[in-house]
There are 2 protein chains.
Amino acid sequence: MAATIRDVAQASGVHVSTVSRTFSAPHLVNPETRNRVLAVAEDLGYRPNRAARALTTGRTHNLGLIVADISNPFFPPLIKAAQAHARLRDYHVFVADTDEDPQVEEELIQTLTKQVDGVLLCSPRLSNRAIEKLSEDVPFVVVNRRLKGMSTVLMDVGLGARLAIEHLTALGHRRIALLAGPAGSWTSREMSDAARAVAGIDLAILGPNSPTEHGGLAAAEAVLAADVTAVLAYNDLMAIGLVEGLDERGIEVPGRISVVGVDDIVSGRLTRPKLTTVAMPTEAAGRTAVDLLLQLVGAGQTATPALATLATHLIIRDSTGPVPP
Amino acid sequence: MAATIRDVAQASGVHVSTVSRTFSAPHLVNPETRNRVLAVAEDLGYRPNRAARALTTGRTHNLGLIVADISNPFFPPLIKAAQAHARLRDYHVFVADTDEDPQVEEELIQTLTKQVDGVLLCSPRLSNRAIEKLSEDVPFVVVNRRLKGMSTVLMDVGLGARLAIEHLTALGHRRIALLAGPAGSWTSREMSDAARAVAGIDLAILGPNSPTEHGGLAAAEAVLAADVTAVLAYNDLMAIGLVEGLDERGIEVPGRISVVGVDDIVSGRLTRPKLTTVAMPTEAAGRTAVDLLLQLVGAGQTATPALATLATHLIIRDSTGPVPP
DNA sequence: GGAAGTTCTGCAACCGGTTGCACGAAACAT
DNA sequence: ATGTTTCGTGCAACCGGTTGCAGAACTTCC
């Protein structure tokens with residue numbers, strides 16, 4: 001089997017504690033000894049066993065990352081960035097998918113708790129109370145949900161919504177629909193609040209809707225009934241679905257109706273017309289979340305929760321145009 | 001801190017070993033005692049510490065899942081399925097992204113080795129020799145690469161390529177280009193072998209190319225130079241990029257050139273024209289891989305490597321049409 | 001030359017579980 | 001009544017590291 005610390009100790013004629021220190025506190029051991037130990041360790045292919053180390057130190061050097069749906073194209077860049085960033089700091093990442101089920105989410109967190117130093121919760125579906133309860137056991141960073149007393153990374157989707165609406169009003173649109181997301185989504189509420197705050201427009205809020213292509217497709221009828229010239233959708237998938245639905249009914253985008261999405265997923269750049277959208281700083285969010293979490297982990301219970309708000313920006317492509325005459 | 005096995009033992013007036021058995025070998029303990037212990041455990045919120053358990057049993061109940069690029073839309077469904085399937089069997093999954101870098105891949109596997117019972121390697125970029133070497137330390141299942149003596153899940157992309165080519169020939173195409181993927185990709189070689197085996201066509205193999213939208217875009221010129229009427233691309237991303245590149249040059253798809261992709265990613269259903277493509281059984285692959293891996297883990301070194309080949313099928317949409325006159 | 005530091009290493013307990021072994025009590029057979 | 005099983009539980013060693021404490025060897029300073 002794989003070499004243990006005792007094999008190395010024996011082979012290099014020192015006590016196990018010296019070998020241990022060679023790896024976890026090198027400055028405490030004589031350079032000469034250290035080199036000898038390192039040489040032997042290298043020779044035997046020894047690598048410290050993280051699970052064993054975790055047992056005494058209480059630090060697993062693992063993080064948990066929980067998302068509602070890995071297949072939603074919004075998440076992979078975040079996961080990727082978080083994972084890469086964590087790796088640089090010598091942390092591994094468990095990724096778990098809750099399938100949008102709060103029950104699963106809770107179980108997952110509970111079984112993961114003992115194995116990680118902290119958990120990244122992305123767009124959680126759990127209630128605030130449940131999250132607060134669970135956070136007694138393990139540090140959390142929440143992404144895309146405001147939760148007092150907890151470290152949080154927010155993407156300023158309110159800003160994005162305002163930019164989008166302003167872009168539309170600049171094009172002459174006055175009657176605008178907001179295609180809302182799932183009920184209870186923080187993001188969705190944030191968007192409608194921001195949109196309502198823009199003066200001089202006539203806003204129709206439609207929803208809640210499923211945050212998928214299909215949800216957008218299904219909403220086409222409601223959009224037409226609302227008699228608007230422009231739509232801001234909860235996310236790109238819905239926007240794409242909506243364009244499809246409008247197309248089926250012979251409504252041109254952006255000729256008759258302009259459409260704006262949110263997320264800037266890859267697909268949005270590939271559809272015709274190319275989607276005007278609010279770009280989310282997902283990679284930055286992943287990295288920031290890991291930073292905040294490690295900060296929390298390092299600080300122990302004395303931690304002050306931090307709040308990071310990341311700016312969003314509007315990407316103007318081909319799905320928006322001047323209001324028809 | 002969280003309750004340990006000793007807390008439970010004390011509170012229920014039995015020895016720690018009895019508590020341990022209550023969880024890991026219930027049949028060995030008197031039902032009455034067991035219930036008492038369980039009640040106390042429940043009361044104290046006790047959950048067994050997996051890391052500690054791993055130390056003695058040698059089973060971590062964790063799996064590693066290594067992919068080249070989480071952001072490539074081909075992977076998330078596989079990750080999702082694998083992760084969900086593993087969870088049902090009480091396994092957690094580390095997901096790591098190598099950024100297509102063999103070096104990173106190797107390091108990742110090495111640091112993960114001690115923490116997992118087995119590793120799922122998806123479309124590895126490492127050399128066969130390196131993989132064989134690493135497999136001495138931990139069981140592997142390789143997805144999308146044939147490796148003798150190792151458990152393997154293959155998606156029959158050769159079949160897919162043949163179906164695609166036959167579809168094209170049925171439409172009258174004779175001069176067909178194959179847009180290859182990265183050098184050293186098993187999938188890519190498999191596709192060209194299968195394509196070459198189809199009689200009666202004039203096949204141009206173009207590549208290697210980067211397996212991204214940009215790679216497809218960049219290949220547009222080469223495709224035109226090859227003077228073909230149809231193209232089979234290594235994957236959907238490239239196919240979409242290619243359609244884009246052709247469009248920029250005023251070449252209609254499928255009017256002048258037909259294009260077929262591989263993977264059936266969501267984006268392919270959203271582009272205009274909708275992409276004809278070879279659908280890959282990614283979810284099934286994820287589940288099968290987990291099954292094979294756990295089988296291997298259970299069997300110890302006596303394991304016989306297994307090979308699972310999953311069928312692919314062709315989805316005909318709008319990017320292919322009859323050969324132009 | 002002796003006291004007071006430094007620096008390095010060893011000892012042993014500990015982290016939170018698991019498990020082979022032994023032993024006492026109850027159940028069964030003779 | 002005695003001998004043999006079976007069952008349930010306790011004991012203690014062990015998994016592979018970490019770490020507080022103690023002491024040996026070597027400096028440094030008066």
Side-chain angles (χ1 to χ4, degrees), chain A residues 1-38 40-41 44-62 90 111-117 137-138 300, chain B residues 1-38 40-41 44-62 90 111-117 137-138 300:
Chain A
M1 261 288 101
T4 76
I5 202 173
R6 292 168 218 271
D7 300 330
V8 178
Q10 183 146 28
S12 47
V14 300
H15 195 263
V16 290
S17 56
T18 301
V19 179
S20 173
R21 279 190 275 260
T22 301
F23 289 93
S24 51
H27 59 280
L28 287 181
V29 28
N30 186 312
E32 217 169 293
T33 317
R34 192 199 310 156
N35 289 334
R36 188 152 39 91
V37 170
L38 285 176
V40 172
L44 266 51
Y46 168 76
R47 332 209 84 194
N49 181 326
R50 295 174 143 231
R53 178 178 289 180
L55 203 51
T56 48
T57 61
R59 288 279 134 82
T60 62
H61 265 245
N62 293 147
D90 200 25
T111 60
L112 229 37
T113 294
K114 288 285 195 339
Q115 277 195 100
V116 299
D117 296 339
D137 293 336
V138 63
Chain B
M1 258 293 93
T4 74
I5 201 173
R6 293 168 218 271
D7 299 330
V8 178
Q10 185 145 28
S12 47
V14 300
H15 195 262
V16 290
S17 55
T18 302
V19 179
S20 172
R21 280 189 275 259
T22 300
F23 289 92
S24 50
H27 60 279
L28 288 180
V29 29
N30 185 314
E32 217 170 293
T33 316
R34 193 200 307 158
N35 289 334
R36 188 152 40 89
V37 171
L38 285 177
V40 173
L44 266 50
Y46 167 76
R47 332 209 84 195
N49 181 325
R50 295 174 144 231
R53 179 178 287 180
L55 203 51
T56 47
T57 60
R59 288 277 136 84
T60 61
H61 266 244
N62 292 147
D90 199 26
T111 60
L112 229 38
T113 293
K114 288 283 195 341
Q115 277 196 102
V116 299
D117 295 340
D137 294 335
V138 63

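Order of the sequence lines fixes the chain letters, A, B, ..., with proteins taken first and strands second; residue numbering starts at 1 for each chain.
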Would you kindly give the [atom1]-to-[atom2] distance between [X] and [N], to the nearest whole Å?
X      : N      : atom1 : atom2 : value
B:Q115 : D:dG16 : CD    : P     : 15 Å
A:R59  : D:dG16 : CZ    : P     : 24 Å
A:E32  : C:dT7  : CD    : P     : 17 Å
B:Q10  : C:dG17 : CD    : C1'   : 17 Å
B:N35  : D:dG8  : CG    : P     : 13 Å
B:L55  : C:dG17 : CG    : P     : 12 Å
B:L44  : C:dG17 : CG    : P     : 12 Å
A:N49  : C:dG16 : CG    : C1'   : 14 Å

Would you kindly compare B:N30 and A:R47 by the position of their nearest DNA chain D nucleotide and give the one closer to the 5′ end? B:N30

By nearest heavy atom, map B:K114 and B:T18 onto DNA chain D; which one lands nearer the 5' end? B:T18

Using a heavy-atom cut-off of 4.0 Å across all strands, would you classify A:V14 as base, sugar-phosphate, or nothing?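 Sugar-phosphate contact only - A:V14 comes under 4.0 Å of backbone atoms but never of a base.
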
Give A:S20 one of three labels, base, sugar-phosphate or nothing, depending on what nucleic acid heavy atoms sit under 4.0 Å from its own. base

Apply the side chain to side chain contact (heavy atoms under 4.5 Å, CB included) test between B:T22 and each candidate in B:L28, B:V14, B:V8, B:V37; give the one that qualifies. B:V37

Where is the tightest heavy-atom contact between A:Y46 and A:A3, given as atom of each residue plus distance?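 Closest approach of A:Y46 to A:A3, heavy atoms only: CD1-O, 3.3 Å.
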
Provide the closest heavy-atom pair for A:R47 versus B:T111 in the form atom of the first, atom of the second, distance.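 The answer is NH1-N, 4.0 Å.
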
Could you work out how much the helix from C:dG1-D:dC30 to C:dT30-D:dA1 bends, comparing the axis of its first five pairs with that of its last five, to 10°?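 The angle separating the two end axes equals 40°.
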
May I ask you to test the B:N49-B:T4 pair for a side-chain heavy-atom distance under 4.5 Å? no

Pairs satisfying salt bridge (Lys or Arg N to Asp or Glu O under 4.0 Å), at least one member in residues 10-37 of chain A, at least two apart: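 The answer is none; no pair qualifies.
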
Distances for protein N/O vs nucleotides 11-14 of chain D N/O pairs under 3.5 angstrom?
unit_1 : atom_1 : unit_2 : atom_2 : d
D:dC11 : N4     : B:S17  : OG     : 3.4

Find the distance between CG (A:D90) and CZ (A:R50) and round it off to the nearest 0.5 Å. 4.5 Å

Measure from the side chain of B:P31, starting at C-beta and using heavy atoms only, and say which of C:dG16, D:dG8, D:dG16 lies closest.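 Nearest listed nucleotide: D:dG8.
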
